[in-house]
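This report concerns only the one structure given below.
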Amino acid sequence: MAQSLLPVPATSSATASSGPFRHQHNYAHLISTAATFPQLKQIHTQILKHQHHHLLFHLLLSSLSFPCSNTYSLSLLSAVPTPAPNLSNKLIKHLSRSNDPLITFFFFRTMQNKAFPVDRYSFPPLLKAASKSMALSEGKMIHGLASKMGFDFDPFVETALVGMYGTCGHISEARLVFDKMSYRDVVTWNTMIEGYCQLGLFDNVVALLEDMKSSDAEPDERIYTTILSACARVGNLDVGKIVHGLIDEHKLVIDSYLHSALINMYASCGAMDVARCLYDKLNPVNIVASTAMVSGYSEAGNVEAARLIFDKIIDKDLVSWSAMISGYAESDAPGESLRIFHDMIKSGVKPDQVTMLSVISACARLGALDQAKRIHLLVDDMGFGKALPINNALIDMYAKCGYLLAAKEVFDRMSRKNVISWTSMISAFAIHGDVDDAMNYFNHMKREGVEPNWVTFVGVLYACSHAGLVEDGRKVFELMVNEYGITPKLEHYGCMVDLYGRANRLRDALELVETMPMAPNVIIWGSLMAACRIHGEFELGEFAAKRVLELDPEHDGAHVFLSNTYAKEKRWGDVGEVRQFMKHKGISKERGCSTIEMDGRIHEFLTADKSHKETVQIYDKLDEVVDKIKRAGYVPNTSCVMVDLDEDEKGEAVLWHSEKLAFCYGLIRGERDSCIRIIKNLRICQDCHNFMKLSSKVFDKEIVVRDRTRFHHCKDGQCSCRDYW
DNA sequence: TTAGGGTTAG
């Protein structure tokens, strides 16, 4: 769009006697309406020409609203005559509210050198600037100056000090100032409470609310809004309910802020029923409350409900779009996340870095490499290519799209790396079964002085587990506890149980489950159960499956495991009971689903799927593939199928697994491609694994399959997992 | 019209 020009260009014939620059009020108007930085500079030229130097101060204020003009503004500051105190303070306030409040102190130093007036009104905005930029040392400096000038007993200054110390995390110093105050109003109380809220010190918050009762100040809706927002952030439903109770008790008027804060608190704490009830009473709804509902539903795993609310938001803003994009990115429908993202672009709302993090994460989940590459280019175009969190996400994305080399390239090109970068890379090696590099990078990061955190250890243990390195895993676990002082979490125990289980050390696995300091969850029992299936330990497996069902009565895997186990042992009564229960509850084995990306589109195949428009060719190709690999030694392995089908049925059930269909489609459409990439929702079965290995040799293709937990790179008849998975 | 406090994602 063309930028509006000045009414009369500075190079025109406008002089002191004619045109818009003749009168001072015209300057004032021009300064306030200047739309571009060059326009402002033109006005500057005219001001100097006509010697209206007292207008330079207005010009200075105005120049602050243009980005990247700090040097210019500072030079203006050196030239302006000393203003009245109110104007001087206006400048400080302006600076403190800018996007880069830290510059306030550069300007303030110049102002002091030029002997600009400083009075008690100067201090609150100066302290605000320190808070906003978390600049404790600047804040202390201002505190010192306030004391020197005798303003540190002004209630406004004191409140600002409480705010500054609170924001900078020095809560006891904030409290010290607070306690010494002779007069506290509701804002002071709120500022102190906010400090405690930021640190999640809710006991202090509740105590302070209690103290307020014996003070002159009554808690108002703003205080409650502050607390509710903090409760929402950390998911503290208990205190949130207490606050809700107090609001009702005091019959406070619930304005839209407070109403939205209540909705947000309940939604963030997962209490969607209450949130919904409040939301339905909110009239008119507002974008904040609606966005809170979108996030709440998404987090609760109910993206459909989130979408219904999202669709009704009239003027969607960056936050609401991003909430929906993030909701889908973490759901089972990451493709929808990308579609919404494109809608957002079309609607003209500009994504920010955080939106892009969700989009990258959606790509990672989707595993679609071409999409991923396009998003990477887009992120670079948007200027986010150097941002650390973006690069960390890109590492994860490429790794999960099966392109380990690209992940490593991103990592190598990063000028700054943090623990997340290293951890992402270690986890990348882990899911690709490259335990040596996972270990190398782990040692390398330590040499670089980057301290591993609990997530790093999950990655390293995961790598050990996938490679069956029991002793190494044990050593890493001990290192974590003894040398890094990290208390093992459920995730670490999960890795260890998996490690022992897969390595057929089921007794060790069970012992760990029974002695770990917290209650094992479904994943842990499920992992033990899976290990028992692999190693044919049906008695222990039955025990584990029953523990799984205690925690999740509708767990499909446990029911299937029990049913198969009972059938193997010819306990037909038990088989019938399990089947009956599953039928009654509508539980069935999760249907296998594989996707393959072709010509920029994602093609999805379910087990025995016949809905694809090239179904006939795909099944023909399947017959052809089976013929060819049989000559290379392929023998169908039906051990993963429900055991009471007859052998023919079993053969077909295995033959039509979704990854085989996706592979055949890849063969048909990607003749020239040397690599076929498939994403599968479940673990790959023995038969498909063998099928892929042999196909990689017979058709001379690299086949990359991502299953629920790891990658299989099949080439020349071998798999990177070395058949251990 | 010279100063201090509130809501949404990651």
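Residue numbering restarts at 1 for every chain, and letters A, B, ... go by the order of the sequence lines.
Here the closest heavy-atom approach between residue A:Ala399 and residue A:Ile431 is recorded as O-CD1, 4.1 Å. Nearest heavy atom pair, residue A:Ile31 against residue A:Leu55, reads CD1-O, 4.1 Å.
For the pair A:Arg97 and B:dG4, the criterion of a side-chain N or O lying under 4.0 Å from OP1 or OP2 is met. The shortest distance between the side-chain N/O atoms of A:Ser229 and the OP1/OP2 oxygens of B:dG6 is not below 4.0 Å. Side-chain nitrogen and oxygen atoms of A:Lys93 include none within less than 4.0 Å of the OP1 or OP2 phosphate oxygen of B:dT2.
For the pair A:Ile142 CD1 and B:dA3 C1', the interatomic distance rounds to 14 Å; values are reported in whole Å. Counting to the nearest Å, the P atom of B:dT7 and the OH atom of A:Tyr224 are 16 Å from each other. B:dG5 atom P lies 19 Å from atom OH of A:Tyr196, rounded to whole Å. Rounded to whole Å, the distance from CH2 on A:Trp321 to P on B:dT8 is 21 Å. Between A:Tyr165 atom OH and B:dG5 atom P the separation is 18 Å, expressed in whole Å. Atoms CG (A:Leu161) and P (B:dA3) sit 18 Å apart, rounded to a whole Å. For the pair A:Arg120 CZ and B:dA3 P, the interatomic distance rounds to 12 Å; values are reported in whole Å. Here the P atom of nucleotide B:dA9 and the CG atom of A:Leu357 are 15 Å apart, to the nearest Å.
The base of B:dG4 does not come close enough to the side chain of A:Asn190 for any donor and acceptor atom to sit less than 3.5 Å apart. Contact of A:Asn89 with B:dT2 (side chain to base): a donor-acceptor pair of N or O atoms is detected under 3.5 Å. With hydrogens and angles ignored, no donor-acceptor pair closer than 3.5 Å exists between the side chain of A:Thr226 and the base of B:dG6. For A:Asp185 against B:dG4, a side-chain-to-base donor-acceptor contact under 3.5 Å is present.
Using a 4.0 Å heavy-atom criterion, one finds that A:Glu221 contacts the bases of the nucleic acid, with or without backbone contacts as well. Across all strands shown, A:Thr188 has heavy atoms under 4.0 Å from base atoms, whether or not it also approaches the sugar-phosphate. Within the nucleic acid shown, A:Asp154 comes within 4.0 Å of at least one base atom, counting heavy atoms only. Counting non-hydrogen atoms under 4.0 angstrom, A:Val186 reaches a base of the nucleic acid.
Among the nucleotides B:dA9, B:dA3, B:dG5, the one closest to the side chain of A:Pro125 is B:dA3. Taking only side-chain atoms of A:Val319, from C-beta outward, the nucleotide of B:dT7, B:dT1, B:dT8 with the closest atom is B:dT8. Listed candidates were B:dA9, B:dG6, B:dG5. Nearest to the side chain of A:Thr225 is B:dG6.
In this structure, the side chains of A:Leu318 and A:Met344 come closer than 4.5 Å at one or more pairs of heavy atoms. A:Asn418 is not listed as a side-chain neighbour of A:Val450, based on a closest heavy-atom distance of 4.5 Å or more.
Qualifying side chain to side chain contact (heavy atoms under 4.5 Å, CB included) partners for A:Leu87, counting only residues two or more places apart in sequence or in other chains: A:Phe57, A:Pro83, A:Lys90. For A:Arg222, the salt bridge (Lys or Arg N to Asp or Glu O under 4.0 Å) criterion is met by no residue, not counting sequence neighbours.
Side-chain rings of A:Tyr266 and A:His244 approach one another, their centers coming within less than 6.0 Å. Centroid-to-centroid, the aromatic rings of A:His376 and A:Tyr398 come within less than 6.0 Å. Centroid-to-centroid, the aromatic rings of A:Trp321 and A:Phe310 come within less than 6.0 Å.
Among pairs with a residue in residues 167-177 of chain A, those fulfilling side-chain hydrogen bond (donor to acceptor under 3.5 Å, both in side chains) read A:His170-A:Glu173, A:Arg175-A:Asp179, A:Arg175-A:Tyr196, at least two apart in sequence or across chains. Annotation: salt bridge (Lys or Arg N to Asp or Glu O under 4.0 Å) contacts involving residues 284-303 of chain A, sequence neighbours excluded, are absent.
Sorted by residue number, the members of residues 248-265 of chain A with any non-hydrogen atom under 4.0 Å from DNA chain B read A:Asp255, A:Tyr257, A:Leu258, A:Ser260, A:Asn264. Of all the residues in residues 292-316 of chain A, A:Ser295, A:Glu299 reach under 4.0 Å from DNA chain B with at least one non-hydrogen atom.
Residue ring and base: A:Phe156 does not count as stacked with B:dG4 (centre distance below 5.5 Å and interplanar angle below 30° not both satisfied).
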